[in-house]
Amino acid sequence: MTPPMTAEERAALITARPDQARELLRQMLRVRRLEERCVELYSASKIRGFLHVYIGEEAVAAGVMSALRPDDAVVATYREHGHALLRGVPATAIMAEMFGHAEGCCRGRGGSMHLFDADTRFYGGNAIVAGGLPLAVGLALADRMQGRDRVTACFFGEGAMAEGEFHESLNLAALWDLPVLFCCENNLYAMGTALERSESQTDLALKAASYEVASWAVDGMDVLAVEESARRAVEAVRSGGGPHFLEFRTYRFRAHSMFDPERYREKAEVEHWMERDPIASLRGELEASGLLDADGWASITRDVDAEVDAAVEFAESGTLEPLADLARHVHSERSTA
Amino acid sequence: MTPPMTAEERAALITARPDQARELLRQMLRVRRLEERCVELYSASKIRGFLHVYIGEEAVAAGVMSALRPDDAVVATYREHGHALLRGVPATAIMAEMFGHAEGCCRGRGGSMHLFDADTRFYGGNAIVAGGLPLAVGLALADRMQGRDRVTACFFGEGAMAEGEFHESLNLAALWDLPVLFCCENNLYAMGTALERSESQTDLALKAASYEVASWAVDGMDVLAVEESARRAVEAVRSGGGPHFLEFRTYRFRAHSMFDPERYREKAEVEHWMERDPIASLRGELEASGLLDADGWASITRDVDAEVDAAVEFAESGTLEPLADLARHVHSERSTA
Amino acid sequence: MKTTFREAMRAAMRDAMQRDERVFLMGEDVGRYGGGFAVSLGLLEEFGPQRVRDTPLSEAGFVGAGIGAALGGMRPIVEVMTVNFSLLALDQIVNNAATLLHMSGGQFNVPLVVRMTTGGGRQLAAQHSHSLEGWLAHIPGLRILAPATLEDARGMLWTALEDPDPVLIFEHGSLYNVAGELADDAGPVDIDRAAVRRAGADVSIITYGGTLPMVLAAADSLSAEGIDAEVIDLRTLRPLDDDAILATVAKTHRAVVVDEGWRSGSLSAEVSARITESAFYELDAPVARVCSEEVPVPYAKHLEEAALPSVARVISAARATVGQVEAVAGHA
Amino acid sequence: MKTTFREAMRAAMRDAMQRDERVFLMGEDVGRYGGGFAVSLGLLEEFGPQRVRDTPLSEAGFVGAGIGAALGGMRPIVEVMTVNFSLLALDQIVNNAATLLHMSGGQFNVPLVVRMTTGGGRQLAAQHSHSLEGWLAHIPGLRILAPATLEDARGMLWTALEDPDPVLIFEHGSLYNVAGELADDAGPVDIDRAAVRRAGADVSIITYGGTLPMVLAAADSLSAEGIDAEVIDLRTLRPLDDDAILATVAKTHRAVVVDEGWRSGSLSAEVSARITESAFYELDAPVARVCSEEVPVPYAKHLEEAALPSVARVISAARATVGQVEAVAGHA
Ligand SMILES: Cc1ncc(C[n+]2csc(CCOP(=O)(O)OP(=O)(O)O)c2C)c(N)n1
Ligand SMILES: Cc1ncc(C[n+]2csc(CCOP(=O)(O)OP(=O)(O)O)c2C)c(N)n1
Ligand SMILES: [Mg+2]
Ligand SMILES: [Mg+2]
C-alpha cells in the first residue's frame, strides 16, 4: 500500500483541485443519503427482498467511477446501489426498481440486487458472489477483439476471492492481457466471516499479483487516494497495460443485510472505523482548508436531498408491470428478420 | 528448484543407499512395463474407453509412494495406473479392471480412469480435472479432526491448477492447516495446451506459495530427487507443518490418450525429454557405479515381466459381473441394523 | 412443545452432534454469523469451532471436502446456504458423491449429508429463488429429502446421517418460521415413505416441501365446495415412494401434482409419468400439474406471486381435474 | 456430398466464422489440439488464434467470459468439451446466461452459443457419460438443441447464432462418425420444430440426438413384425414442439419416449406428462419410456450396454405399448 499522505500533503492536494474534492464529496453524499432512505423504506416495507447497503464504503465507488469514461463498462455485486448511481443510473430509476415498479431500471424484475442499465453500460448487479467476474473478463475480451480502448471495471468483495470463479477470471484476464480493472472492496468481512478465516493469504494485492496482474492496496476510506489510484490504473489498463487489481481497504458501517444481527464483530471495531468515515473526513478537511463553508455544505446537502426526495416520489407514484407481461423478457422480442 | 546434484554427488548418494536406488528403479520399471502392455492391449481392443499412460513420468509416483506410510491416503487422476500399482494395488486387479472384469479392483465398473482400493487407501482415479483435490482436503480434515498423524497425497497435472477447484482446495488446506501433500505433475501440457497458454504464472511453486503453502519445484525426471523431496515434505506434513506443495517437472513421452495425434508439440522436444528417461538414467548411473550388472538388470526385468504377464493372464481369465448385478453398489447394502 | 421449523432443524443438528462425535457442521457462516437463515444459531458456542466450521466462499471446495471427510470416517453435515449457490458444487455432488461407491465397485461409501435452502417467495429475484431439488432427484446414488413438517424437520437429519450414502436435504425458505406443536420426545423418522397429510376421496394432490402448506390450504377450501382432496407429501424425492403414489391414485382416480420447479422438466413431470405408466387404467382424468411459470423468478411481489404456484392455482387445477372426471363419465 | 456429422459441424463453424466477423470459437483444446473430438480440426490454421482460442481448464471462467463477450457485441461459440465438465459452468449458464435478459428488464440479451458433447456408450464410465441436456431443458431463458442428423449438424449452428438469446447445442458423442450424404448447398435450418423422421400409424416413438439412430433401427425391425412406428426427432428440447408431439399422438394414439437420461426426471418424463395433459383422451395405451437404468454408467461393456437404452429395449417397449392397446380394446 502506498504510504498515506501527510495532512499537509493532503491539504495541498485539496487546495490544488478544490472543485474535484467537493465533487467527490457530493458524490459520496448522494450514495449515503440514497441508501439511508432505502433503509427507512425497507423498514416501511416499501422495499423487499434482500437489501445490502454500502454505507461507509462510498469512497470506493466515488473514486473509481470518476476515473471511468462513459463508454467503459461496469460490473458490480448485490451491494451496488452506489455503483449504479455514481455510474449515472438515475436515482429515480434505481428507487423505482427497488419498489418493484415498471418505471424501475429493470421494470421491477431485478430489485436491489439486480440493477442494470444499458445507457451507462452498467452490467449489474449480481447476487452470486464472484459471479460477475467472468462477465467482466468477457466484456473486456470483446473490447480487445474489436480493437476498442475501453475498460471494464469489476467490483467485488474480499470474500469473493476465495471462489473458484475469481481464480479462473484473474488467470484468464492476465493470460489474455485483457483491459479489466479488478476492484476488490475489502471490508474485512464476508457476511460474518472475517478475512483471516476466509483467506490463507490475507495480503490480497499480493495474492492478485501471483496471477501476474499489476496490483496495489489502497486506502479505501480516502476518496482522493481511491481516485488517484483508479485514474492511474485505468490509464494503464486503457493503454494496453493489461488487467490491474486494486484492493480498497474499507469497512461497512452497517449490517451485511437487513437480516444481520452482527454477532461477529465488536462495536468498538465498528466505531473505530466510523471515525474514518470518508464523507465526514473529506468534509472536515475541506472546511479546515477553508474550501467549504456552511453555505457550501448546505447547498450540497440540499441538492442531494432534493434528488433523493424526487427519487422516492417518483418511485412512490410508479406503476406495476401488467401481469400479462409476466413472461416478457425471458426471450428477446425478435425482429421479423 | 533446488539445484540439481552434480554427477559426483549423485554417485555418492547412490553408493550410500544402493538398495534403495535399485528398488526405485524396479518400481519405475513395473509401471513402465505394465503400461506398455496396456497400450498393446488397447490396440487389441481388450481395454476400452479412455487410456492415459504415464510413460516418462514414473519417477514421480515411484518417489512419492516410497515416502508414504501404509495408513496414508492417496488421491490421483485418470492417469493413475502407476500410482495405483506403486501404492500397492495388485497388478492383477488393475489389469482385470481395465478388462472390465469382475475380478478388477472395482469389479469392472471403474475402468482405467477409476481405479480404487480400500486396502491401500487409494481413493481413485478421478476423471474430472482437479475434481480430486477437494476430496484430499476432506480426507486430511478427517485425520486432523480425529487426531491421526496420517498424510493425504494428492496428485494432479499442471493443467488442473487453472481450475477453481484447485484454488478453493489450496486455500482450505492452508487455512485449516491440513495434512495434505499436493503433488503437481507438471508435464508441460494439458492435452494440447502448453503451460504458458494455461497459466499466467508459470512458476507453479510460486503460485502455490501465494496460498501460504510451503512449496518447492523438483526435478521430476530424477527419482532420487523426487524421493528426497517427498520424504522431507511428508515428514513436515505429518509432524503438523501444514500442507505442502511439490511441483514435479516432468514430461509424458506418449500421447495424452490413445486418441491424440500430438499436433501441439515438436518431435524434437519429445526426443529431448526422452534423453532424460528416468528409468534409463538411473539404470545407467547404477551401472556406471558398478551397483547394477547385466544379471541384476535381467533379474529385475524378469520379475517385472513375470508380474505383468501374470496380471494379463489373470485379467484374460476373468469373468463378467452378472448382468443381474447391474444396479448393485449404487447404494450401500445396508446392514439390518 | 411449541417450536418452529428452524428450531426443529437446529434441535436435530444438536442432537446429532451429541449422539455422534463424528458429526460436524460445515458451511458458509454457520458459526459466528449463526447461519444464513439462523438455523445453526448457538451451535458454535455449544460445540466449538472444530465441529461448527465456518468456511470461505468456496462451494465446490467445501462440499468436496465434506465428501472427503465422509470417506475419512466423519459424518459431515455440509450446509450450502442456498440451492442457488449449490450450482457451484454440482461437480462434486454429481461426479463424486453420487458415483464413488459405484465406481469403486462398492468399496467407498460416502456418508455425507448436505443441507440447503430452496425455493422462492421472498422477493429475492432470479438468482436467489431456484427450486432445483428436482434436478438432484435425477441422479442415481443420491437420496433427496424435503422436510415439510416440524416432525420431519426434527427427525429426518439423524436418519439421513445413519444412511451410509449421500443424502441431500432441501429446506424451503418459507418454512423456517412455521410454528407449531412438536412432541417433546420427537426424534428420528423414516426417510423411505411418503405420507398422507390429509385423507380424501375425490382427488389426490401430491406435493412436498414448501408447497405443502399451500396445498393443505387449498384442500380446506376445496372441501368447503364439496371436493374432498387427499394430500400426499412425498417427503423423499429420490427414491420416490411409488407405492404411496399408486395407492392414492387407486383410491381417488385423479391426481394433481404440485411443485415449485418450472413446469418443463419439473419433478411433477416425473410423478405424472409414473402415474401414467403404472396406473393409467385407474385414471378418470389426466394428471394435472401446478408448477412455476417458465420465467426466471421476478423481484416485484405481484410478478413473483404470479410466477409461483398458489392456493388459487391449486384449487382451480383440482376443480378442473374433478370436473373432467364428470365430463368423462358423461362421455362414457 | 459425402460427409460425417463431425465434418458437418466443422463446416457449420467455418461457415459462421466466414459470415460474421463477430463469431469466434473458444474452449479447451479447440485450437492446437484440434478439439477434444476433432470437431474444430483445422480452424485455428484458417482463422488464427484470436478467433479460435484455446482456454485453460476453467469451465466457469470461459463460459462466463463467453457470456460477457456476447454482452460486449461478439457472437461467441463456446465449446465445453463434454457435458460432464459443464457441471463446473452451470452457475454461469443458469444464473447469468439464462437470467440476464429478464433481470435487466429486457436490456441485455446474451447471443451466446455453447456446444458440448453429451451421452455415453463409449465405455468412459460414470464421470464421462452423463446425458444432462434434460436438466438444461428445465431452465427458462435457454434454448436447447440436439442435432441428430447431418442436416442438423450442418444447419443448426448458424440459426442458433442468429438467435439473440443463449442457445446450448448438445452433440451426442456417438454421432460424430456417422457418415452419409449431405446436399452440397446444405445450410441453416429452423430450430423451432420437431421432425417426423419416419411416418407410421401404430405407435409414435419420440426421441432426439444420440438415440435417434437406435430408434430408427428399432422401427425397421418393428415394421418387419407388422408394427408401423412413427419416429419423431424432437430436435429442440426447449422449447418443446408441442404441436408435433400432439399431432403424432393424435395419429397413432400410442407413444414411447426414448432418451438416454436416467429414467427418474428424464426429459421423457416431461414429454410423457405433456401428452397426458393434452392428449389423454387420445391415448389408447399409457405412454411408455425407455431411458437409462438408474445407475452411474459403468465401464464394462456388457454393463454399460445394459444400462443404456438399446434397440431391443425400444422394440419391446413399442411392442408392449401396441399390445396393451389390444388389451384395452378387449376390455372396452
Ligand atoms: C456463491 C455465493 N455463495 C454465497 C452467497 C451468500 N452471500 C451473499 S453476500 C456474501 C458475503 C460476500 O462477502 P464479500 O464478497 O466480502 O462482499 P461484501 O458483502 O462484504 O460486500 C455471502 C456469503 C452468495 N450470494 N453467493
Ligand atoms: C473439468 C475437466 N475439464 C476437461 C477435461 C478433459 N481433459 C481430460 S485430461 C485434460 C488435460 C489435463 O491436463 P493436466 O492436468 O496437465 O494433466 P495431464 O493429463 O497432463 O497429466 C483435459 C482437458 C476433464 N477431464 N475435466
Ligand atoms: Mg466483504
Ligand atoms: Mg499436464
Side-chain angles (χ1 to χ4, degrees), chain C residues 59-60 84-85 87-88 90-96 98-99 101-103 125-127 130 132 134-135 137-141 238-240 257 261-281 283 285-289 293-296 298-299 324 328 331, chain D residues 59-60 84-85 87-88 90-96 98-99 101-103 125-127 130 132 134-135 137-141 238-240 257 261-281 283 285-289 293-296 298-299 324 328 331:
Chain C
E59 285 79 3
N84 312 285
F85 319 142
L87 291 173
L88 293 160
L90 284 181
D91 168 53
Q92 288 298 323
I93 295 172
V94 174
N95 281 325
N96 285 337
T99 61
L101 179 68
H102 187 259
M103 294 195 304
Q127 293 181 334
H130 296 309
L132 291 174
W135 268 21
H138 180 53
I139 306 298
R238 182 179 187 93
L240 284 169
V257 197
W262 292 294
R263 177 168 164 275
S264 294
S266 55
L267 192 90
S268 293
E270 177 61 29
V271 175
S272 169
R274 288 191 184 206
I275 294 173
T276 297
E277 280 160 6
S278 306
F280 184 69
Y281 301 105
L283 286 173
V287 181
R289 287 186 286 169
E293 297 296 325
E294 313 258 0
V295 298
Y299 163 71
Q324 268 187 312
V328 183
H331 149 102
Chain D
E59 286 78 5
N84 313 287
F85 320 142
L87 291 174
L88 292 160
L90 283 181
D91 168 54
Q92 289 298 322
I93 294 172
V94 174
N95 281 325
N96 285 335
T99 61
L101 179 69
H102 188 258
M103 293 195 306
Q127 293 182 332
H130 296 309
L132 291 173
W135 268 20
H138 180 54
I139 307 297
R238 184 181 185 92
L240 284 170
V257 198
W262 292 293
R263 175 169 166 275
S264 293
S266 56
L267 192 91
S268 294
E270 177 61 29
V271 175
S272 169
R274 287 190 186 207
I275 293 172
T276 298
E277 278 159 6
S278 306
F280 184 70
Y281 301 105
L283 286 174
V287 181
R289 289 186 285 168
E293 297 296 325
E294 314 258 1
V295 297
Y299 163 71
Q324 266 187 311
V328 183
H331 151 101

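- Neither the backbone nor the side chain of Ala125(D) comes within less than 4.5 Å of any heavy atom of chain C.
- A donor-acceptor contact closer than 3.5 angstrom links the side chains of Thr276(C) and Thr276(D).
- Under the ring-ring contact (aromatic ring centres under 6.0 Å, His included) criterion, His130(C) pairs with Trp262(C), sequence neighbours left out.
- In this structure, CZ in Arg274(C) is found 4.0 Å from OG in Ser264(D), a value given to the nearest 0.5 Å.
- For a residue to count as touching a neighbouring chain, one of its non-hydrogen atoms must lie under 4.5 Å from one of that chain's; by this rule Ala98(D) touches chain C with the backbone only.
- Here the straight-line distance linking atom CG of Leu87(D) with atom CG of Leu90(C) works out to 6.0 Å at 0.5 Å rounding.
- Judged purely by atom type and a 3.5 angstrom limit, Gln127(C) uses its side chain to pair as donor or acceptor with the backbone of Asn95(D).
- Proximity to chain D (any heavy atom under 4.5 Å) is shown, for Pro298(C), by both the backbone and the side chain.
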*Given the rule in the side chain to side chain contact (heavy atoms under 4.5 Å, CB included) test, do Phe280(C) and Leu283(D) qualify, once you have shown the distances and angles that lead to the verdict?*
CA-CA 10 Å; Phe280(C) 184 69; Leu283(D) 286 174; 3.7 Å; yes
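- Put simply, the side chain of Arg238(D) reaches to within 4.5 Å of the side chain of Glu294(C), judged on heavy atoms.
- Ala288(D) is linked by a side-chain contact (heavy atoms from CB on, under 4.5 Å) to Val256(D), Thr321(D), counting only residues two or more places apart in sequence or in another chain.
- Of all heavy-atom pairs spanning Ala285(C) and Tyr281(D), the tightest one is CA-OH, 3.9 Å.
- Residues Arg263(C) and Glu277(D) form a side-chain contact, since some pair of their non-hydrogen atoms from C-beta on lies under 4.5 Å apart.
- The candidate from Asn96(C), Ile139(C), Leu132(C), Leu101(C) with the greatest count of non-hydrogen atom pairs under 4.5 Å with chain D is Ile139(C).
- Annotation for Gly265(D) and Glu270(C): closest pair N-OE1, 2.7 Å, computed over non-hydrogen atoms.
- Of all heavy-atom pairs between Ala126(C) and Thr99(D), the closest is CB-CG2, 4.0 Å.
- With respect to chain D, the highest number of heavy-atom pairs below 4.5 Å among Glu293(C), Glu59(C), His102(C) belongs to His102(C).
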